[in-house]
Amino acid sequence: MISAAAPTTLSEALRLVPGSVVAFVGAGGKTTMAWRLLHELGRPESPAVWTTTTHIAEPILPEGTGLLRAEDPTPELIRGLLRRLPRWILVARRTEALPEPPDGPYPAHPWKLKGLSPEGLDRLIPAVPEASWIIEADGARRMLLKWPAEHEPALPAEIDAVAVVASLEALGRPIGAVAHRAALAVTHLGGRLEDPVTPEWLAALICHPMGGQKGIPPGARRILVLTRERAPDPQAVEAVRAALPVACFERIVAVVNGDPVAAIRTEPPRVAGVVLAAGEGRRFGGPKALAEWHGRPLVRHIVTLARRAGLDPILVVVGAQANEVRKALLGLPVYVVENPAWPEGMSRSIQAGLQALPDAVDAFLLLQVDQPLVRPRWLRQLIEAHQATGKPMVVGALGNDPRPPALFARAMFPALMDLRGDQGGRALVRAFPEAVVQIPVPDPSWVMDFDTPEAYRMIRER
């Protein structure tokens with residue numbers, strides 16, 4: 001499917017929501033977009049952190065924005081700072097002085113800042129889920145295109161999306177004059193340094209597994225951002241799009257001087273999310289949906305994870321203490337589905353959500369409210385497995401043990417309606433082995449759930 005629209009904000013163009021984690025690689029406007037996103041996403045009710053795994057010039061801070069220089073910051077420190085200001089720039093330390101302040105998207109001091117390591121960010125990001133994280137993960141020395149070195153890009157694993165940036169200003173100009181590490185690029189892609197950049201050559205660069213696609217974690221959304229400094233060039237955007245392999249990017253965004261002018265969606269139809277939040281939590285001592293998770297109700301956290309994965313629409317099935325769970329979801333773009341038969345077991349909540357799905361939905365991910373460590377990129381991997389295999393049921397597995405979340409396509413809807421009592425997806429895995437694909441869960445903690453306060457404390461302490 002291909003559809004185009006004129007988005008009003010950069011975050012809308014990139015389909016980012018509060019709490020998203022996005023990294024920028026490539027060349028031709030990464031810093032401009034990171035600065036823009038920091039101010040779009042950073043609000044008192046949903047703060048944002050801009051950081052880097054390379055170097056940036058130190059901004060002269062505007063009102064409402066802070067700078068933290070710390071080699072090994074703790075989540076507690078960052079949470080405390082986010083309560084004071086909605087926008088923070090996080091780096092390790094100052095490094096080299098510059099002869100003069102650099103030109104760029106913001107007024108800057110004449111020195112550079114060194115960022116944190118990807119491993120350091122991987123420890124911080126899951127522990128501060130209330131913040132959006134914007135990560136500049138590549139340097140290009142102000143060139144228009146980029147071929148990464150062996151150690152690049154410096155991407156954390158805990159990211160939802162990667163925006164691969166390339167400048168349309170490079171088209172028609174010599175490869176050697178516009179591409180950072182141009183000699184490496186022509187070694188892999190062919191051509192000569194004096195040859196002009198064509199749409200086909202640019203497409204090959206950004207889709208090459210050792211070029212623009214290098215190091216992107218499995219399941220992360222892949223977005224192409226094509227930039228220009230001045231007027232839009234829709235013909236150039238279309239020429240590059242036409243040269244791209246079908247599955248290279250899920251979305252193409254055209255940007256002029258930091259402003260989005262078009263967004264082209266190329267991914268297959270969206271997958272819905274159904275969150276089960278109807279149980280009374282007898283062993284837990286109350287509804288698990290209302291448990292506190294880093295300062296907010298757990299059901300709100302699970303919905304945020306689903307939104308970060310791009311699930312649309314998202315339905316939340318409520319039952320026990322339905323009014324309190326509804327209050328916990330205020331302000332989120334979700335559909336709340338009442339299940340008055342929740343005491344009859346999980347199957348009735350699954351069926352309530354299934355019956356409320358729009359007719360246009362061909363598949364949905366079933367999420368439990370008691371799996372707070374599930375990763376958005378894991379949800380995307382389940383979707384990608386469905387798209388790659390065509391199987392109507394996809395589930396993660398620890399050894400031979402299938403573990404939610406699980407994806408169900410329309411072919412499985414009748415079987416879901418036949419479930420009874422506390423039966424769930426596991427019953428269908430056993431009944432229809434030919435219809436399911438099981439993929440190994442990369443990290444067992446992602447599918448950990450809980451029934452007791454003790455088990456919940458263990459998950460919180462991870």
Check whether any side-chain N or O of [X] sits under 3.5 Å from a backbone N or O of [Y] as a donor-acceptor pair, and report yes or no.
X: Asp122; Y: Glu158; value: yes
X: Glu292; Y: Gly295; value: yes
X: Asp422; Y: Met346; value: yes
X: Thr65; Y: Leu61; value: no
X: Arg282; Y: Glu280; value: no
X: Gln438; Y: Asp401; value: no
X: Arg377; Y: Ala157; value: yes
X: Arg300; Y: Leu330; value: yes
X: His301; Y: Pro372; value: yes
X: Asn339; Y: Ala352; value: no

- Output yes when Arg296 and Glu45 qualify as a salt bridge under the 4.0 Å nitrogen-oxygen rule, no when they do not.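 Here Arg296 does not pair with Glu45 in a salt bridge, since their nearest N and O are not under 4.0 Å apart.
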- Message: Can you tell whether the side chains of Arg93 and Glu71 come within less than 4.0 Å, N to carboxylate O?
- Response: yes
Exceeds 12 heavy-atom contacts within 6.0 angstrom, atom [atom1] of [X]:
X: Met458; atom1: CE; answer: no
X: Met448; atom1: CE; answer: yes
X: Glu63; atom1: CD; answer: no

Say you draw a straight line from [atom1] of [X] to [atom2] of [Y]; how long is it, rounded to the nearest 0.5 Å?
X: Trp133; Y: Ser20; atom1: CH2; atom2: OG; answer: 13.5 Å
X: Ile302; Y: Arg307; atom1: CD1; atom2: CZ; answer: 14.5 Å
X: Leu407; Y: Met412; atom1: CG; atom2: CE; answer: 11.0 Å
X: Gln423; Y: Ile350; atom1: CD; atom2: CD1; answer: 9.0 Å
X: Ile134; Y: Thr31; atom1: CD1; atom2: OG1; answer: 12.0 Å
X: Glu384; Y: Arg221; atom1: CD; atom2: CZ; answer: 11.5 Å

- Do the ring centers of Phe408 and Phe413 come within less than 6.0 Å of each other? no
Student check: side-chain heavy atoms of [X] and [Y] closer than 4.5 Å:
X: Leu329; Y: Val336; result: yes
X: Phe284; Y: Pro453; result: yes
X: Lys30; Y: Glu136; result: yes
X: Val128; Y: Glu130; result: yes
X: Ser11; Y: Arg36; result: no
X: Leu354; Y: Phe364; result: yes
X: Ser167; Y: Arg228; result: no
X: Ile78; Y: Leu90; result: yes

- Task: Please say whether the positively charged group of Lys288, taken as NZ for Lys or CZ for Arg, lies over the ring of Phe450, i.e. under 6.0 angstrom from the six-membered ring centre and within 45 degrees of the axis.
- Result: yes
- Message: Tell me whether the NZ or CZ atom of Arg87 lies within the 45° cone about the ring axis of Trp50 and under 6.0 Å from its centre.
- Response: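 Here Arg87 fails the 6.0 Å and 45° test against Trp50.
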- Judged by modelled atom types alone, do Arg79 and His294 share a side-chain donor-acceptor pair under 3.5 Å?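 The answer is yes; a qualifying pair exists.
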- Item | Stepwise side-chain contact (heavy atoms from CB on, under 4.5 Å) test for Leu367 and Val303 | CA-CA 9 Å; Leu367 296 98; Val303 167; over 6 Å; no
- Before giving the answer on side-chain contact (heavy atoms from CB on, under 4.5 Å), spell out for Val162 and Arg222 the whole-Å C-alpha distance, their side-chain angles and the decisive distance to 0.1 Å. CA-CA 5 Å; Val162 176; Arg222 298 166 189 243; 5.6 Å; no
- Message: Between Ile314 and Tyr335, is the side-chain contact (heavy atoms from CB on, under 4.5 Å) condition met? List the steps.
- Response: CA-CA 6 Å; Ile314 297 171; Tyr335 298 94; over 6 Å; no
- Message: For Ala92 versus Gly115, what's the shortest heavy-atom pair and its separation?
- Response: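 That closest heavy-atom pairing would be CB-O, 3.6 Å.
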- Val361 versus Ala272, closest heavy-atom pair with distance: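 Where Val361 meets Ala272 most closely, the heavy atoms are CG1-CB, 3.9 Å.
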- Message: Using side-chain contact (heavy atoms from CB on, under 4.5 Å), reason through Glu152 and Lys146 one step at a time and then give a plain yes or no.
- Response: CA-CA 10 Å; Glu152 296 172 317; Lys146 165 75 181 283; 3.4 Å; yes
